[in-house]
Enquirer: 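Take a look at the following structure, please.
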Number of protein chains: 2
Amino acid sequence: MFELRDLPSREALEKLRERYENLDVTAVDAFLRLLRTGEDAAASMERHMAAHGLSLRRFSVLILLARNPDGLSPSQLAAGTGVSCATMTGVLDTLERDGCVVREHAATDRRAVTVRPAPEGMARLDAVLPGHYDRVATVMAALSPQERETLTALLGKVSQGLSRLS
Amino acid sequence: MFELRDLPSREALEKLRERYENLDVTAVDAFLRLLRTGEDAAASMERHMAAHGLSLRRFSVLILLARNPDGLSPSQLAAGTGVSCATMTGVLDTLERDGCVVREHAATDRRAVTVRPAPEGMARLDAVLPGHYDRVATVMAALSPQERETLTALLGKVSQGLSRLS
DNA sequence: TCCATATATTTCGGCTCCTAAATATATCCT
DNA sequence: AGGATATATTTAGGAGCCGAAATATATGGA
């Protein structure tokens, strides 16, 4: 048993290639490592957020609202954090229940809603951010400044590659 | 509005540092790029899997079972794919309902369950894998073999950094 | 004006994810 | 043997995720 959580070895991938000849070993290796590391990074952030009554998604919403104190619409927040409008409804329900945001009907367009930050939301952000930046610094301490630049650039190329799929 | 989905610019991060002096700009930049790319890669895979009646998690379970035709326990599958046992129960419910796996009580230990692959599960794997490997190759075509090695190595360092957090 | 079409948000049903608690079975110690 | 403890899995309850359908409101043209 060795796939995914324990990433497959090069030899295992070579063997799989006998069955699936279009399998590109170095490509799959890097891709699985990316999936795994991204998942672990997100899980680690999620744990820190949970200690302060937030989730990664609610945190992202509050970050956006901190920069836009006049409020944003649910659809802007959905686009800004990468989820569907239907999902954002549920996230905002939780944030509103906890007193982190306020929903108001927009003055001009009665279909639209304006979501504004509430003091509790900004307080949670202030409570969670210093520790968050500490943790990021700790994780990235394993890489030199030059290596961080390289990593950022290579991930950018992967993002470009992903956009070619659609 | 620019955070997270549109990653913040270097200037925006410099500005944030006035407020949070422990913010390490190159670290946060690389970390956010990692979160974003990992999420996009997973979402892209998820879409491909969905076209064949699978999810990323159910796919991972089937991959593990393909290499272990004699079956694995729910807890082994949970550990192998990185979720809790409680979550694995639900994943297996779906897979069993769809005829992709079979659950049997273990002969020796009546608490334990053995999950075995069923023909439908292996058929779905065969249907999904060639296209999957094609997609991975397409995404990674943006990187040279040398760059892929570098990316894998750098992500490995990030994983090490993550393990220092706990 | 009034209807068709477009837009903003929510609701609904299904899957996934978690922790904590419940259930069933093993095992170890006296 | 019998009871405490440990292990394997499931259940319960809450959050988040989606696409599709429902609801409410705007807007543009006949």
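Order of the sequence lines fixes the chain letters, A, B, ..., with proteins taken first and strands second; residue numbering starts at 1 for each chain.
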Enquirer: Does the side chain of A:F59 reach to within under 4.5 Å of the side chain of A:V128, using non-hydrogen atoms?
Expert: yes
Enquirer: Just the rounded figure in Å: distance from C1' of D:dA15 to CZ of A:F59.
Expert: 19 Å
Enquirer: Would you mind classifying the nucleic acid contact of A:A112 as base, sugar-phosphate or nothing, using non-hydrogen atoms under 4.0 angstrom?
Expert: sugar-phosphate
Enquirer: Could you tell me whether B:S84 contacts a base, only the sugar-phosphate backbone, or nothing, with contacts defined as non-hydrogen atoms closer than 4.0 Å?
Expert: base
Enquirer: Rounded to whole angstrom units, what separation is found between the NE2 atom of B:H105 and the C1' atom of C:dA26?
Expert: 15 Å
Enquirer: Atom CZ of residue position A:R17 - does it have more than 12 heavy atoms of other residues, nucleotides or ligands inside 6.0 Å?
Expert: no
Enquirer: Grab the CG-C1' distance between A:L92 and D:dG16 for me, whole Å please.
Expert: 13 Å
Enquirer: For the pair made of CG in B:D93 and C1' in C:dC17, what is the distance, rounded to whole Å?
Expert: 14 Å
Enquirer: Taking the inter-plane angle between the rings of A:Y20 and B:Y133 on a 0 to 90° scale, is it parallel (under 30°), tilted (30 to 60°) or perpendicular (over 60°)?
Expert: tilted
Enquirer: Check every strand shown and say whether B:R103 touches a base, only sugar-phosphate, or nothing at a heavy-atom separation below 4.0 Å.
Expert: sugar-phosphate
Enquirer: With a 4.0 Å cutoff (strictly under), does any side-chain N or O of A:S75 reach OP1 or OP2 of C:dT9?
Expert: yes
Enquirer: Under 4.0 Å between a side-chain N or O of B:T94 and OP1 or OP2 of C:dG14?
Expert: no
Enquirer: Check the surroundings of atom CZ in B:R110: do more than 12 heavy atoms from other residues, nucleotides or ligands lie under 6.0 Å from it?
Expert: no
Enquirer: Mind calculating the distance between CZ (B:R47) and C1' (C:dC15) to the nearest angstrom?
Expert: 17 Å
Enquirer: Would you call B:E46 and B:S55 a side-chain contact if the rule is heavy atoms closer than 4.5 Å?
Expert: yes
Enquirer: When all nucleic acid strands are considered with a 4.0 Å heavy-atom cut-off, which category describes A:T89: base, sugar-phosphate, or nothing?
Expert: base
Enquirer: With a 4.5 Å heavy-atom cut-off, do A:T81 and A:R57 have their side chains touching?
Expert: yes
Enquirer: Which whole-number value in Å describes the distance from A:M88 CE to D:dG19 C1'?
Expert: 16 Å
Enquirer: Is any side-chain N or O of A:R58 closer than 4.0 Å to OP1 or OP2 of D:dG16?
Expert: yes
Enquirer: Under 4.0 Å from OP1 or OP2 of D:dT25: is there any side-chain N or O of A:R110 that close?
Expert: yes
Enquirer: Using whole Å, report how far CG of A:L72 lies from P of C:dT9.
Expert: 11 Å
Enquirer: Hey, is the side chain of B:R111 pairing donor to acceptor with the base of D:dT9 inside 3.5 Å?
Expert: no
Enquirer: Atom CD of A:E104 to atom P of C:dA8: distance rounded to whole Å?
Expert: 19 Å
Enquirer: Using only side-chain N and O atoms of B:R57, determine if any of them is under 4.0 Å from OP1 or OP2 of C:dC15.
Expert: no
Enquirer: So, is A:S55 close to the D:dG16 phosphate, meaning a side-chain N or O under 4.0 Å from OP1 or OP2?
Expert: yes
Enquirer: With heavy atoms under 4.0 Å as the rule, sort B:T87 into base, sugar-phosphate or nothing.
Expert: base
Enquirer: With DNA chain D as reference, determine whether A:R97 or A:A107 sits nearer its 5' end, using the nearest nucleotide of each.
Expert: A:R97
